[in-house]
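Atoms considered below: every heavy atom in the structure, side chains included; atoms not considered: hydrogens, waters and symmetry mates. Quick caveat: nothing in here was measured; it's all calculated off a predicted structure.
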Amino acid sequence: MLVLNGKTITMRDFTMSKPVTPGKAANSDAQLAPFAQRFIGALEETSLVALIDYLADHQSLPVALVQRQFCDRFNIGVLHALPAARFDAAVEYLVDQMPAEHITIKG
């Protein structure tokens with residue numbers, strides 16, 4: 001649970017753009033790519049979009065501009081091209097741009 005500017009945000013507040021349907025891999029022996037080589041998934045992307053939207057609103061900037069700055073900072077063309085290994089650094093980067101008085105962590 002995260003509280004931003006007095007509003008509590010939980011995972012159930014997020015929606016995904018496409019439904020995730022479990023399925024069998026084309027090759028049953030196929031394994032996931034190593035963590036360092038994979039891109040973020042839909043849930044991670046949704047989290048980043050929420051943080052970018054909040055930051056843009058808080059800074060009175062267009063969302064497209066904040067997203068472009070984010071992509072430039074992480075040297076990616078589009079948000080979903082962020083390597084999974086850089087997700088934590090991406091969240092930290094966005095949260096660090098928010099004033100401390102607007103962030104409260106409850107655990």
Side-chain angles (χ1 to χ4, degrees):
M1 176 176 10
L2 179 67
V3 178
L4 295 172
N5 203 20
K7 181 179 181 201
T8 302
I9 299 175
T10 62
M11 283 305 293
R12 67 176 164 258
D13 294 324
F14 298 106
T15 58
M16 296 183 357
S17 57
K18 295 185 235 176
V20 176
T21 54
K24 188 173 180 178
N27 178 358
S28 60
D29 294 329
Q31 294 183 3
L32 290 175
F35 183 71
Q37 297 175 1
R38 288 187 290 123
F39 297 116
I40 60 171
L43 292 176
E44 290 95 350
E45 184 176 0
T46 299
S47 298
L48 293 176
V49 167
L51 287 169
I52 289 170
D53 286 351
Y54 177 82
L55 189 60
D57 183 57
H58 180 73
Q59 295 179 345
S60 300
L61 294 172
V63 173
L65 175 62
V66 176
Q67 189 166 344
R68 179 77 262 139
Q69 291 171 338
F70 175 86
C71 289
D72 290 347
R73 164 68 175 80
F74 287 92
N75 198 29
I76 54 176
V78 291
L79 193 59
H80 63 266
L82 181 73
R86 303 216 47 215
F87 177 74
D88 288 345
V91 170
E92 184 177 336
Y93 167 78
L94 292 169
V95 171
D96 283 349
Q97 294 184 56
M98 296 178 198
E101 62 270 10
H102 293 278
I103 301 172
T104 305
I105 298 177
K106 294 182 180 179

Query raised in the report: Tell me, do Leu48 and Phe70 make a side-chain contact under 4.5 Å, heavy atoms counted?
Result: yes
**Report entry** Distance (rounded to the nearest 0.5 Å) between Thr46 OG1 and Leu79 CG
**Finding:** 9.5 Å
Identify all side-chain donor-acceptor contacts of residues 87-94 below 3.5 Å with residues at least two apart in sequence or on another chain.
from: Tyr93; atom 1: OH; to: Gln97; atom 2: NE2; distance (Å): 3.2

Report summary line: What one should report as the nearest heavy-atom pair of Ile76 and Pro83 is CG2-CD, 4.4 Å
Query - Which atom of Leu51 lies closest to which atom of Met98, heavy atoms considered - result: CD2-CE, 3.7 Å
Requested in this report: Could you note down all residue pairs passing side chain to side chain donor-acceptor pair (under 3.5 Å) where residues 62-74 supplies at least one of them, sequence neighbours left out?
Outcome: Arg68-Asp72
Query - Taking every non-hydrogen atom, the tightest pair across Gly77 and Cys71 - result: O-SG, 4.3 Å
Query raised in the report: Considering residues at least two apart in sequence or located in another chain, which fulfil the side-chain contact (heavy atoms from CB on, under 4.5 Å) criterion with Asp57?
Result: none
Requested in this report: Output the distance between atom CG (Asp96) and atom CG (Leu55), rounded to the nearest 0.5 Å.
Outcome: 11.0 Å
